[in-house]
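Worth knowing before you read on, the calculation uses all heavy atoms, side chains too, and leaves out hydrogens, waters and symmetry mates.
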Amino acid sequence: MTLHSGPVQEERDDGRRPAGDGDGYVPSRRRIERERFHRTRTRRATAVAALSTLVTAVVLYFVITGSPGWQRTRETFFSAEYARQALPKVLEGLLLNLRLLVVCGAAVLLIGMLLAVARTLRGPVFFPLRALATAYTDFFRGLPLIICLLMVVFGVPALRLQGVTTDPVVLGGSALVLTYSAYVAEVFRAGIESVHPSQRAAARSLGLSSGQALRFVVLPQAVRRVVPALLNDLVSLQKDTGLVSIAGAVDAVYAAQIIAGKDFNYTPYVVAGLVFVALTIPMTRFTDWVTARMDRRRAQGGTV
């Protein structure tokens with residue numbers, strides 16, 4: 001018979017051994033082997049991904065550069081000289097796009113929220129308001145943005161209304177707000193309707209009015225649930241601010257068009273496109289991070 005001077009150090013199901021008196025955590029052999037296996041598999045997957053990416057890039061490079069019209073395409077779309085000329089002007093025009101994004105984004109969120117609340121109001125007395133909000137949403141969601149811009153930019157000045165601006169920046173921004181408010185309203189409405197009716201009933205049982213229940217109970221939950229979708233709409237709005245160039249506003253796109261029109265070289269368009277991509281990627285990654293964070297909280301049973 002073998003005698004033990006202390007408690008038996010049995011291995012747990014998770015591969016760990018319990019720490020002894022005064023001892024720290026000591027991983028078991030099985031856990032060490034499992035972690036080594038995971039590290040090896042991760043390194044192998046990373047190497048395979050890097051190799052496949054490199055092979056794909058090399059194949060695309062030779063296919064594109066080996067095409068018959070590559071030399072002419074490179075001179076027309078990828079000229080370093082025209083890129084240097086266009087970049088300062090494009091960045092100067094980009095400030096207009098950023099201002100439009102901030103102002104129009106705030107207006108879109110506000111109007112979209114009001115439209116969503118109007119569509120979820122209960123009672124027959126609110127039917128006209130619900131009908132108007134529904135008609136607005138259906139119309140501007142179905143109307144192409146480019147047509148909305150043309151109608152507002154060229155139609156409003158044609159009315160010759162006193163006190164109404166003819167500034168292409170204001171008119172173009174108004175068209176963006178009209179269109180995107182309809183999309184954002186549906187996002188907010190989906191969030192409001194996703195809140196369980198018991199939340200509203202519980203708020204009413206505590207003495208809150210219908211408006212207070214909507215403001216303090218329903219809307220906070222609804223907004224948290226649709227944050228990723230709202231961020232995606234803002235990313236789309238950031239790109240579509242370039243469409244105000246059709247009204248004559250000198251933004252990044254129109255600045256590139258001015259330079260490209262001198263010698264019919266389209267490198268400035270490529271520069272403007274890359275600038276927009278450089279702005280969009282951080283916003284997209286932030287949206288992905290927010291979405292993943294909310295998914296983790298939902299999986300752990302936290303507040304969504």
Do Ser67 side-chain atoms and Ile64 backbone N/O form a donor-acceptor pair below 3.5 Å?
yes
Test: salt bridge (charged side-chain N to carboxylate O under 4.0 Å, His left out). Region: residues 263-291. Which pairs qualify, not counting sequence neighbours?
Arg285-Asp288
State, with a plain yes or no, whether a side-chain heavy atom of Phe286 is found less than 4.5 Å away from one of Met283.
no
Take Gln71 and Arg74 through the test side chain to side chain donor-acceptor pair (under 3.5 Å) and record every step on the way to the result.
CA-CA 5 Å; Gln71 185 63 31; Arg74 185 178 63 178; 2.9 Å; yes
Judged by atom type as modelled, is there a donor-acceptor pair below 3.5 Å linking the side chain of Glu186 to the main-chain atoms of Ala182?
no
Verify whether one side chain among Glu193 and Thr120 offers a donor that lies under 3.5 Å from an acceptor in the other.
no
Those residues that, when tested against Leu121, pass side-chain contact (heavy atoms from CB on, under 4.5 Å) (two or more places apart):
Val117, Phe126, Leu129
Spacing of NZ belonging to Lys239 relative to CG belonging to Leu234, to within rounding of 0.5 Å
12.0 Å
Test Val223 against Met113 for side-chain contact (heavy atoms from CB on, under 4.5 Å), laying out the working first.
CA-CA 10 Å; Val223 171; Met113 174 66 76; 3.8 Å; yes
Can you check whether Arg122 reaches Arg200 side chain to side chain, under 4.5 Å on heavy atoms?
yes
Are any side-chain N or O atoms of Ser181 and backbone N or O atoms of Leu178, one a donor and one an acceptor, separated by less than 3.5 Å?
no
Backbone of Pro220 reached by a side-chain donor or acceptor of Arg225 within 3.5 Å
no
With distance as the sole criterion, is a donor-acceptor pair present between the side chains of Asn265 and Thr267 under 3.5 Å?
yes
With no hydrogens and no angle check, is any side-chain donor or acceptor of Ser79 less than 3.5 Å from a backbone partner on Thr76?
no
Carefully, step by step, assess Arg30 and Glu33 under the rule salt bridge (Lys or Arg N to Asp or Glu O under 4.0 Å).
CA-CA 5 Å; Arg30 186 174 64 181; Glu33 292 176 353; over 6 Å; no
If two hydrophobic side chains count as joined below 4.5 Å and joins carry through other members, does Leu274 share a cluster with Ile281?
no
Side chains of Val253 and Phe276 in contact at under 4.5 Å (non-hydrogen atoms)
yes
Anything under 30° is parallel, anything over 60° is perpendicular, the rest tilted; go ahead and classify Tyr180 against Tyr183.
tilted
Listed partners of Val55 passing side-chain contact (heavy atoms from CB on, under 4.5 Å), at least two apart:
Leu51, Val59
Quick check on the hydrophobic clustering: are Trp70 and Tyr61 connected, directly or via other members, by side-chain heavy-atom contacts under 4.5 Å?
no
Apply side chain to side chain donor-acceptor pair (under 3.5 Å) to the pair Gln238 and Thr280, showing each step before the final yes or no.
CA-CA 8 Å; Gln238 183 264 322; Thr280 303; 2.7 Å; yes
Do Ile147 and Phe154 belong to the same hydrophobic cluster, where Ile, Leu, Val, Met, Phe, Trp and Tyr are linked whenever their side-chain heavy atoms lie under 4.5 Å apart, directly or via other members?
yes
Any non-hydrogen side-chain atom of Arg119 less than 4.5 Å from a side-chain atom of Arg189?
yes
Answer whether the closest heavy-atom distance between the side chains of Leu237 and Leu101 falls below 4.5 Å.
yes
Candidate pair Asp233 and Val187, rule side-chain contact (heavy atoms from CB on, under 4.5 Å), full reasoning:
CA-CA 9 Å; Asp233 284 335; Val187 173; 3.5 Å; yes
Would you say Ser210 and Arg204 make side-chain contact, with heavy atoms under 4.5 Å?
yes
Val177 and Val103, any side-chain heavy atoms less than 4.5 Å apart:
no
Flag yes if Tyr136 and Leu149 sit in one hydrophobic cluster, no otherwise; membership is Ile, Leu, Val, Met, Phe, Trp, Tyr, and two members link when side-chain heavy atoms are under 4.5 Å apart.
yes
Can you tell which of Leu171, Val153, Leu176, Val169 makes a side chain to side chain contact (heavy atoms under 4.5 Å, CB included) with Val244?
Leu176
May I have the step-by-step check of side-chain contact (heavy atoms from CB on, under 4.5 Å) for Ile192 and Leu219, ending in yes or no?
CA-CA 6 Å; Ile192 292 173; Leu219 286 182; 3.7 Å; yes
Under a 4.5 Å side-chain heavy-atom rule over Ile, Leu, Val, Met, Phe, Trp and Tyr, are Val170 and Val108 clustered together?
no
Would Asp240 and Leu243 count as a side-chain contact (heavy atoms from CB on, under 4.5 Å) if you check the C-alpha gap in whole Å, the side-chain angles of each, and the deciding distance to 0.1 Å?
CA-CA 5 Å; Asp240 286 340; Leu243 292 176; 4.1 Å; yes
